[in-house]
Amino acid sequence: MSELPTRRSRRLRQSAILRRQVAETRLHPASFVLPLFVVPGRGVANPIKSMPGHSQLSVDELIPVVKEAASVGVGGVILFGIPADKDEVGSGAWDPNGPVPEAIRAIKDEVEDITVWADVCMCEYTSHGHCGVLKGDSVDNDETLPLLARASNAYAEAGADVIAPSDMMDGRVAAIRDGLDEAGYTELAICSYSAKYASAYYGPFRDAAESAPAFGDRRTHQMDPPNVREALVEVSLDLAEGADMVMVKPAGPYLDVISAVRSRVDVPVVAYQVSGEFSMIEAAAANGWVDGERVMLESLTAIARAGAGITLTYFATRAARALAEV
Ligand code: PBG
Ligand code: ZN
C-alpha cells in the first residue's frame, strides 16, 4: 500500500467541470479590448489581407462591429485612425472631424456598455510614417509632446473613456496628463503603452493602419527586445507621470515582462496581443496545422496567467463568444 502515491495530481483533472472549478485563471469577455481601424467615408469596409476577419471600416460600418462586440460582453474597443490626408507633423491626429473623433462620438451615441479607448500616436498621420515630428532623420522627442497632448484632447473632447499613448516618447504621459487636466478632463484615464518593444510582430498592423515608416525604424524610441528590467523603469516613470494603467506589448512572446510588471505594480496591467501574434495563429489554423479556436483561448489564458488583467486582442469578439459556449 505504502508504495502507492499519496498525492495524485490527476484526481483534480477527472472531469471538465472539476477542471473548471480548480482553474487558477479565468478569462472574462470584459477583460478584452478589440482593436479597430477607422477610415473616412461611408460604406467603406476594406478587408486587411494579413488579418482575416478584420477590415478598415468607415464609421457607419464600424458601429455594427462595436455593437456585436458589446453584445457578447467585450469590455472595450481601441481605435486607430487612417486620415484622408497626411502631412509632416500629422495634423490629422487632432482634427475634431477626423475618423477617430467621429467614431468615438458615434459609439458613445449608439452603443451602450462598452469603453472606447483612443490610441495616441502620430505615425498614422505623418507623411513619413514616424511616431512624431522629424528633426533630420530622427523623431524629435520634445517637439512631439505637445502634438500628442493636442491629439489626446481631441479624443477627450469627442468622449473617449481611455487615452492610450503608444508613441514611446519620454515624458509623454506627463504632457498628456497636463493637457487633459488643463482642459478639465481630470477624470479621464490614461493607459500608457509603457513597455512597448520594437517588434517584428507589428507587421500586419502597419498594413492595416498604413503606418509603416518611409525610412528607418522605431528602434530609437521603442524598447529593445532583450530587456526586462528596463521595462520596470519605463513603468515606474509612467506611473510617476500619472498613468492609471500600464501596458506590455507584444504579449505572448513577452509573458516574462507581463509577470515582472504584475509583481511590481498594483495598477491594472494591460497586455496587447498584437497583429503578428493574431496572424500567425490564423495562418497556422488556416493550414490545418493547429486548432485555431484552442490556440486562441490558450494564448489568451497564458497572457492572463502571466498577470494581465486586460488584454487587447483581435480575437476579442470571437473569444467572448467561445467563452459563452463553455
Ligand atoms: C502605433 C502602434 C503600433 C501598434 C499599435 N500602435 C505599430 C507600431 O508601433 O509600429 C501595433 C499593434 C499591432 O501590431 O497589433 N505606434
Ligand atoms: Zn507610432
Side-chain angles (χ1 to χ4, degrees), residues 32-38 48-56 76-83 86 88-90 92-94 100 117-134 138-141 144-145 147-148 151-152 155 162-170 172-173 176 191-225 234 247-254 270-283 299-300 303 311-316:
F32 300 145
V33 176
L34 176 68
L36 294 170
F37 302 97
V38 202
I48 301 157
K49 239 181 84 196
S50 53
M51 301 181 69
H54 290 271
S55 302
Q56 298 177 330
V77 293
I78 183 163
L79 303 178
F80 298 92
I82 296 111
K86 307 193 183 205
E88 283 282 303
V89 295
W94 55 82
V100 169
W117 298 36
D119 179 271
V120 177
C121 196
M122 306 309 294
C123 55
E124 295 115 74
Y125 300 93
T126 51
S127 43
H128 42 71
H130 283 284
C131 303
V133 282
L134 292 180
S138 157
V139 178
D140 188 321
N141 193 91
T144 300
L145 297 181
L147 309 188
L148 296 167
S152 301
Y155 308 145
V162 178
I163 299 294
S166 67
D167 52 283
M168 289 296 277
M169 295 301 114
D170 292 316
R172 76 221 205 261
V173 174
I176 290 170
C191 173
S192 178
Y193 287 68
S194 299
K196 177 177 178 181
Y197 288 85
S199 173
Y201 286 89
Y202 306 152
F205 175 95
R206 290 180 189 175
D207 296 335
E210 301 175 13
S211 64
F215 61 88
D217 53 44
R218 309 210 199 291
R219 288 178 221 232
T220 65
H221 49 100
Q222 297 181 349
M223 280 187 58
D224 205 22
E234 289 282 10
M247 194 192 300
V248 174
K249 176 186 174 191
Y254 292 82
V270 181
Y272 197 147
Q273 183 181 51
V274 300
S275 57
E277 298 178 71
F278 169 80
S279 297
M280 283 164 52
I281 293 169
E282 286 295 277
S299 64
L300 292 168
I303 292 163
T311 302
L312 278 57
T313 172
Y314 299 94
F315 289 121

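Just follow the structure's listing: the first ligand is 1, and inside any ligand the first atom is 1.
S194 approaches E234 most closely through the heavy-atom pair O-CB, 3.4 Å. Shown here for C131 and H221, the closest heavy-atom pair between the two residues is SG-CE1, 3.5 Å.
Between D167 and L148, the closest side-chain pair of non-hydrogen atoms falls below 4.5 Å.
Proximity of a side-chain donor or acceptor of K86 to a complementary backbone N or O of H128 within less than 3.5 Å is not detected. At distances below 3.5 Å, not a single donor-acceptor pair connects side-chain atoms of Y254 with backbone N or O atoms of P225. A donor-acceptor pair under 3.5 Å is absent between the side-chain atoms of S166 and the main chain of D119, judged by distance alone.
Considering backbone and side-chain N/O of R206, one or more are found under 3.5 Å from N/O of ligand 1. No N or O atom of E124 sits closer than 3.5 Å to an N or O atom of ligand 1.
Residue H54 forms a ring-ring contact (aromatic ring centres under 6.0 Å, His included) with just one option from F205, F80, Y314, and that option is Y314.
Contacts between C121 and ligand 1 below 4.0 angstrom, taking non-hydrogen atoms only, involve the side chain exclusively.
For E277, the closest heavy-atom approach to ligand 1 does not fall below 4.0 Å. Heavy-atom distances between Q273 and ligand 1 stay at or above 4.0 Å for every pair. Distances from ligand 1 to the non-hydrogen atoms of D119 include at least one value under 4.0 Å. At a 4.0 Å cut-off, not a single heavy atom of F278 sits close enough to ligand 1 to count as contact.
If you check which protein heavy atom lies closest to atom 14 (O) of ligand 1, you get S275 OG, 2.7 Å.
Below 4.0 Å from some heavy atom of K196 lie the following atoms of ligand 1, by number and element: 1 (C), 2 (C), 3 (C), 6 (N), 8 (C), 9 (O), 16 (N). Of all atoms in ligand 1, numbered sequentially from 1 with element shown, those under 4.0 Å from a heavy atom of S166 are 1 (C), 2 (C), 6 (N), 16 (N). The C123 neighbourhood of ligand 1 comprises atoms 1 (C), 16 (N), with distances under 4.0 Å to a heavy atom of that residue. Listed by atom number, the atoms of ligand 1 under 4.0 Å from Y314 heavy atoms are 13 (C), 15 (O).
Taking each of H221, K249, H130, R218 in turn, the one with a heavy atom nearest to atom 4 (C) of ligand 1 proves to be K249.
For the pair SG of C121 and SG of C123, the angle at the Zn ion (ligand 2) is about 110°; rounding is to 10 degrees.
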* Tell me, with the steps shown, if S192 and R172 meet side chain to side chain donor-acceptor pair (under 3.5 Å). => CA-CA 9 Å; S192 178; R172 76 221 205 261; 3.3 Å; yes
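A donor-acceptor contact closer than 3.5 angstrom is absent between the side chains of S299 and E277.
Distance check, rounded to the nearest 0.5 Å: OG of S279 to CE of M51 gives 5.0 Å.
The Zn ion (ligand 2) has an N, O or S atom of C131 under 2.8 Å away, backbone or side chain.
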